[in-house]
There are 2 protein chains.
Amino acid sequence: MSRVAPTLEDVARVAGVSRATVSRVVNGTRNVDPELQETVRNAIEQTGYTPNRVARSLVTRRTGTVALVISGAGGGSDVFTDPFFGRVTAGVVDFLRGHSVHPVLMLADSDHARTEVVEFLRQGSADGALLVSTHPADPLPARLLEAGVPSVLYARPGRPMPIGYVDMDHRAGGRLAADHLVAAGRYNIATISGPMDVLASQDRHAGFRDAMARHGFPYVPTAEGGFTAESGAAAMHRLLTECPDLDAVFAANDLMAQAAVDVLLEHGLRVPEDVAVVGFDDSAPALACRPQLTTIRQPVERMAAQMADLLLAELEKPGQRPRSVIFEPELVVRASA
Amino acid sequence: MSRVAPTLEDVARVAGVSRATVSRVVNGTRNVDPELQETVRNAIEQTGYTPNRVARSLVTRRTGTVALVISGAGGGSDVFTDPFFGRVTAGVVDFLRGHSVHPVLMLADSDHARTEVVEFLRQGSADGALLVSTHPADPLPARLLEAGVPSVLYARPGRPMPIGYVDMDHRAGGRLAADHLVAAGRYNIATISGPMDVLASQDRHAGFRDAMARHGFPYVPTAEGGFTAESGAAAMHRLLTECPDLDAVFAANDLMAQAAVDVLLEHGLRVPEDVAVVGFDDSAPALACRPQLTTIRQPVERMAAQMADLLLAELEKPGQRPRSVIFEPELVVRASA
DNA sequence: TGGATGTATGGGAGCGCTCTTACAACGTTG
DNA sequence: CAACGTTGTAAGAGCGCTCCCATACATCCA
């Protein structure tokens, strides 16, 4: 099309007005003669003008983008295979698009990468950060805070700090699972926890254990997993060795629950007849699993959208007290328990 | 930290040099006295200076970001649940991060959204576009081309146009599946195709059918699916009605293959003993499925990385003839066939 | 009628950076 | 020793935009 993009100046010349007037028409359109507006609009049409967002950003100090930072502790970029992050992304994108804000995706899985994220934001390349950080020891929240970057977390920070976040009542989720299993008349109940250095895992486990204790089961056989299918299968094997007569398993996410079901089936055990299985999250694998998983729903998309909402609010009027929003889990009964 | 960010000017004042010198140190560092460099570096340290990327972009005409556009025809943002897009994202992010380029995520699932994408790029908010477009009728490639936006596609465009892309030899993939099934001694072979308005689906199907014909099977019972689990299950049901004695199914992606397996199992058929199933993609569901899926591998991550590579090359030296790279599929034999 | 108020427009500074140009200081060469 | 690079630095224009301020004119009430 055009070799060199037309500028405000060009439009102004064509319309026979000043740059300022064109700018007014392009933006707020306040106090411009309707007739002149028409002229300017024609000139814009004629020249094929598109405002240069970068130039605008330079003076407004706003880019219209936010960083969506996946601070996965672990192994590189296969985080995107995890349905959880896909759901977060979906929720964020879906919310932001309605506000003409665009997320730029960043992975913060190494110290180098984290520094790059902080730099990126300090340089004003994005207006703020949405931080999906699972590790309580993650230094990124504190560093962003220190750098004065408006940020909101998914999951509460490892130690208290004045930063907004969305989270879920994971303990309540654990309780829901225990209640359901006990109410179903199960007696030998075990659990596959998530990685214990993740707060969400600790909470789900604590909630589950507490409820079990209240139901008269002071000890719950536990195998720690890593939120992946493989780790879930391995944990299930350990559990089966420790207590071959178990009749129920609560897994801290669906991926592990699905793997657990597979292992049980391979051992000739029927699900849910012989062993009931409850998952967590209510993500795609819960439905793909046979039998379909009874699970604890985490409204990831809504939470992600809320996180984005909090950030935009903070950008809108900075310096507010950071807010947090906690979501309630929900038991979803399907075939596996 | 700092209320107002220090600028080049501030650093220059502290170091007692000119802005230009500081700029040289920050960037190319050509022709600056080592001693002075040291002084400047100290000044940078002292002031906590970070270059303002926006200001830099304004003059260099480069933002260091590219748009990753998911031009899903269909239903909004649940595309991120599809493992395919997760893999694309992973491949892109992984490649770009090594080049200090960041992807901004955009969904182009409506005409409005498409216009916004074009605007975004015309405004110079990103240096180029990575377009994951499945629909041959998608107007976006042509519009980006027309707008002069450097772009690379995932999957060849619906009609020939001078734009680079990566793709796979889907026909060869279909052939691989047919060969494998026939070699395994299957006789009543059916297939669940992808949506027929998608080129990849057409190609996979054509390759499969051609190979089948060459093997002496001129007619292949076909049910069209939509690449989703539900559509796969529905297609499997139809196939079972049409030819109850089938002994093999080739599904055009793993999601549908997995669903097909479930339906077969529900019907009391054993996989692979009674019915062999071959999937396509080799994505997460292929491994999660029981039995694990024999499938045709599409190296999505590598393709996505290649796509990003092509775009960066085009940005590096514009005006080159657009390039395309075709990847070969690979048969992955597991338990299901 | 005159000052006060309000509305529409233009002029121009300035956002923070890069990059070209000019120039000073230093060799190096025929 | 004049003429010529070579190298290191400063000065300043300019990227395209927003926004403040000045100006011009219309409108109003006392």
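To find a chain, count down the sequence lines: A is the first, B the second, and so on, and within it residues start at 1. All values reported here derive from a predicted model rather than from experimental measurement.
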(message) Would Val149(B) and Val118(B) count as a side chain to side chain contact (heavy atoms under 4.5 Å, CB included) here? Give the steps.
(response) CA-CA 8 Å; Val149(B) 176; Val118(B) 176; 5.8 Å; no

For the pair made of [atom1] in [X] and [atom2] in [N], what is the distance, rounded to whole Å?
{"X": "Arg24(B)", "N": "dC19(C)", "atom1": "CZ", "atom2": "C1'", "result": "9 Å"}
{"X": "Arg62(B)", "N": "dG16(C)", "atom1": "CZ", "atom2": "P", "result": "24 Å"}
{"X": "Leu8(A)", "N": "dA13(C)", "atom1": "CG", "atom2": "P", "result": "17 Å"}
{"X": "Arg56(B)", "N": "dC19(C)", "atom1": "CZ", "atom2": "C1'", "result": "13 Å"}
{"X": "Asn27(A)", "N": "dT9(C)", "atom1": "CG", "atom2": "P", "result": "16 Å"}
{"X": "Glu9(B)", "N": "dA13(C)", "atom1": "CD", "atom2": "C1'", "result": "15 Å"}

(message) One thing to verify: whether Arg302(B) and Asp309(B) come together as a salt bridge, which I'm taking to mean a side-chain N less than 4.0 angstrom from a carboxylate O.
(response)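 No, no charged N to carboxylate O under 4.0 Å.
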
(message) Between Asp109(A) and Arg97(B), does any NZ, NE, NH1 or NH2 come within less than 4.0 Å of an OD or OE carboxylate oxygen?
(response)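 A salt bridge links Arg97(B) with Asp109(A).
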
(message) Just so I know, are the side chains of Met168(B) and Arg156(B) near enough to count as touching, which here means a heavy-atom distance under 4.5 Å?
(response)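 They are not in contact (no side-chain heavy atoms under 4.5 Å apart), so the answer is no.
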
(request) Indicate whether the side chain of Arg122(A) and that of Asn52(B) have a donor and an acceptor atom separated by less than 3.5 Å. (result)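 Side-chain D/A pair, Arg122(A) to Asn52(B): absent.
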
(request) Answer with yes or no whether Arg53(B) presents, from its side chain, a donor or acceptor under 3.5 Å of a partner atom in the base of dG16(C). (result)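 Side chain to base: no pair present.
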
For nucleotides 13-15 of chain D, give me every protein contact, N/O to N/O, under 3.5 Å, one pair per line with atom names.
{"residue": "dA13(D)", "atom": "N6", "partner": "Arg19(B)", "partner atom": "NH1", "Å": "3.4"}
{"residue": "dC15(D)", "atom": "O3'", "partner": "Arg61(B)", "partner atom": "NH2", "Å": "2.7"}

Hey, does the side chain of [X] come within less than 4.0 Å of [N]'s phosphate (OP1/OP2), counting only N and O?
{"X": "Ser23(B)", "N": "dC17(C)", "result": "no"}
{"X": "Thr60(A)", "N": "dT18(D)", "result": "no"}
{"X": "Thr21(A)", "N": "dG10(C)", "result": "yes"}

(request) Scan Val17(A) against the nucleic acid and name what it touches under 4.0 Å (heavy atoms): base, sugar-phosphate only, or nothing. (result)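 Since only primed, P, OP1 and OP2 atoms lie under 4.0 Å of Val17(A), the category is sugar-phosphate.
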
(message) Given 3.5 Å as the limit, does a donor-acceptor pair link the side chain of Asp138(A) with the main chain of Ser133(A), or not?
(response)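 Absent.
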
(request) May I have the step-by-step check of side chain to side chain contact (heavy atoms under 4.5 Å, CB included) for Val17(B) and Val40(B), ending in yes or no? (result) CA-CA 8 Å; Val17(B) 299; Val40(B) 171; 4.1 Å; yes

